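Read through the structure below, which is laid out as structure tokens, and then see the notes.
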Number of protein chains: 2
Amino acid sequence: MAGTDGRTTGARYRRLAADLREAIASGAFGSDGRLPSEEQLAQQYGVSRGTVRQALSVLRANGLVTSRRGTRRVVLGTARTQSFMELMSFTLWARSLGEEPGGRTIDITRCTANPLEREQLGLAPGAEIYRVLRLRTLSRVPIMIERTIYVEHVGAMIAGLEPEAISHIEPLTEQGVVFADAEHTVDLVYADAEDAELLGCEEGAPLMRERRRATDPAGTPLEWSEDRYLPGTVSFTVHNSVASTALSRRRA
Amino acid sequence: MAGTDGRTTGARYRRLAADLREAIASGAFGSDGRLPSEEQLAQQYGVSRGTVRQALSVLRANGLVTSRRGTRRVVLGTARTQSFMELMSFTLWARSLGEEPGGRTIDITRCTANPLEREQLGLAPGAEIYRVLRLRTLSRVPIMIERTIYVEHVGAMIAGLEPEAISHIEPLTEQGVVFADAEHTVDLVYADAEDAELLGCEEGAPLMRERRRATDPAGTPLEWSEDRYLPGTVSFTVHNSVASTALSRRRA
DNA sequence: GTGCTGAAGTTGGCTGTACAACTTCAGCCA
DNA sequence: TGGCTGAAGTTGTACAGCCAACTTCAGCAC
């Protein structure tokens, strides 16, 4: 809880957003959930109305408050949306749940990217990539199988890690690799022989699949991953509104 | 394509965003995909830099462009994110794909909400709701089964429609019901007897489930729906970034 | 009581300004 | 060649102000 909340660094509007998020979670805005007016918040926190609006737009995008011309904002929910990194990193996510994350690297190889992989990572013919296969556990129970391909310079860092390393993304971050954007696609697939063996299910059993393409701040792809979860272990939730939608339903 | 693009009404930043979206889709920013600076766009369109930034933040949230201090923005992708209403309305969505949407209302009843339903819609004990069960088809092929509960005054409108009505949401919109926010949760479930009969699959077969809670601009819940899709018919895609994340992974 | 009207309150939209933080790149120096 | 430095360019953050659009509600007329 005290990781991102109550922060003392960074932009003012972000600190303010964190403050307000905490206030909402603690039920500080009464039973009707009406927030103070932007002007009142501005005076209260000693910032301009513009800064307040910036902070509130963050909460709005996260589905925490409404916004509607003519009336004060009201609390929509206290839904704790995870940070971007908690979504990228299985390890971070597990820890935020209070569970013990585990990982076993089954295989990691360096090879030339095939056409499909080149397209996913935006690479030129002949480019080298790393393929990584890992089994992920939560409190020692197998949950998910992760097939990731990394761009060469990132994969090289991964290859330098111990096979027992629980988190792959944390070391990357420490070495200056920055993940900035990702596109996630969720659908349903059936376990192949490898999935079945590693996850301990039957071949052909249904699995939830999350495919993810992540890029750095410049828009350069860094990794492309296909994760397969055992049924009943996770679900994915997304909030959207007329004001902002990053969600889409696709025909398979 | 020409539904939301090239608009001539609404806020300036929205029109500008639509313009820029179109320009990106048509590849107007060259092979490197570098956008003009905010200042240049402001002069070009005769608006202030603030308005340009508002427009660009929309594209940013949709994953169309990067944004990074110090450098110009670059095109990330042309991913067509759907409008909020296309996500809410199966009918609108199907039409945007060029497919023929169909719907058959199996059952619609008015009754007293049980505790679970009351919680979902934020109702007081004894409140009345409408339960609607529908089978949805795409080009006459069964795709999805939809179990929706509506708040009383909305359900009453639904109940007044013909059983053959393809779209339920469009009539609601015409009668002034406004959907503003929604929270979607995607996971995997197994078909019960009813699912199996209606969708033509076997009992116990895996299905993709999307649960959705939608509210009006004031934050009042309007509907709560549980949709079950046959495997291989749809997938859900969401873009997120360090700047904005409305997505979260939940432990089941 | 019912319904209308208008004032007050609130958020949305747009402009302008200023500075901070960061990236890029040319040019210089060793 | 290699690396450093500094200037120019660009986006991020914050402030202040103005008006429009909308909601709410008290007060009034009927």
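Keep in mind it's a predicted model, so treat the numbers as computed, not measured. Lettering follows sequence order; numbering is per chain, from 1.
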Fill in: Short N-O contact, B/Glu183 and B/Arg212, less than 4.0 angstrom
no
Practice prompt. Establish whether the base of D/dG12 is bridged to the side chain of B/Arg49 by a donor-acceptor pair shorter than 3.5 Å.
Written response: yes
Worksheet item: Given C/dC22, C/dT11, D/dA14, which nucleotide is nearest the side-chain atoms of A/Arg72?
Response: C/dT11
Discussion item. Closer than 4.0 angstrom, basic N to acidic O: yes or no for B/Glu86 and A/Arg249?
Written reply: no
Worksheet item: Is the distance from OP1 or OP2 of C/dT15 to the nearest side-chain N or O of B/Thr51 less than 4.0 Å?
Response: yes
Worksheet item: Where the side chain of A/Ser67 is concerned, which of C/dT11, D/dT13, D/dT10 is the nearest nucleotide?
Response: C/dT11
Worksheet item: CG of B/Leu56 versus C1' of D/dT10: gap in Å, rounded?
Response: 12 Å
Worksheet item: If you check the B/Thr71 side chain, which of C/dC14, C/dT11, C/dT23 turns out closest?
Response: C/dT23
Worksheet entry | Polar contact flag, side-chain donor to acceptor under 3.5 angstrom, A/His239-A/Asn62 | no
Fill in: B/Glu38, nearest nucleotide to its side chain (from D/dG12, D/dC15, C/dT24)
D/dG12
Discussion item. Whole angstroms only, please: what is the OH-P distance between A/Tyr45 and D/dA14?
Written reply: 15 Å
Discussion item. Expressed as a whole number of angstroms, how long is the span from B/Arg34:CZ to C/dT24:P?
Written reply: 9 Å
Fill in: Cationic N near anionic O, under 4.0 Å, A/Arg213 to A/Glu119
no
Item to complete: Output the single nucleotide from C/dT15, D/dA21, D/dT13 whose closest atom is nearest the side chain of A/Ala11.
Response: D/dT13
Discussion item. If I take atom CZ in residue B/Arg69 and atom C1' in nucleotide D/dA8, what distance separates them, rounded to the nearest angstrom?
Written reply: 17 Å
Practice prompt. Could you state the atom-to-atom distance from CZ of A/Arg53 to P of D/dC15 in whole Å?
Written response: 15 Å
Discussion item. One thing to verify: whether B/Glu38 and B/Arg73 come together as a salt bridge, which I'm taking to mean a side-chain N less than 4.0 angstrom from a carboxylate O.
Written reply: yes
Worksheet entry | Whole-Å distance separating the CZ atom of A/Arg68 from the P atom of C/dG9 | 19 Å
Worksheet item: In whole angstrom, what separates A/Tyr13's OH from D/dT11's C1'?
Response: 12 Å
Item to complete: Take atom CD of A/Gln40 and atom P of C/dT10, then tell me their distance rounded to the nearest Å.
Response: 6 Å
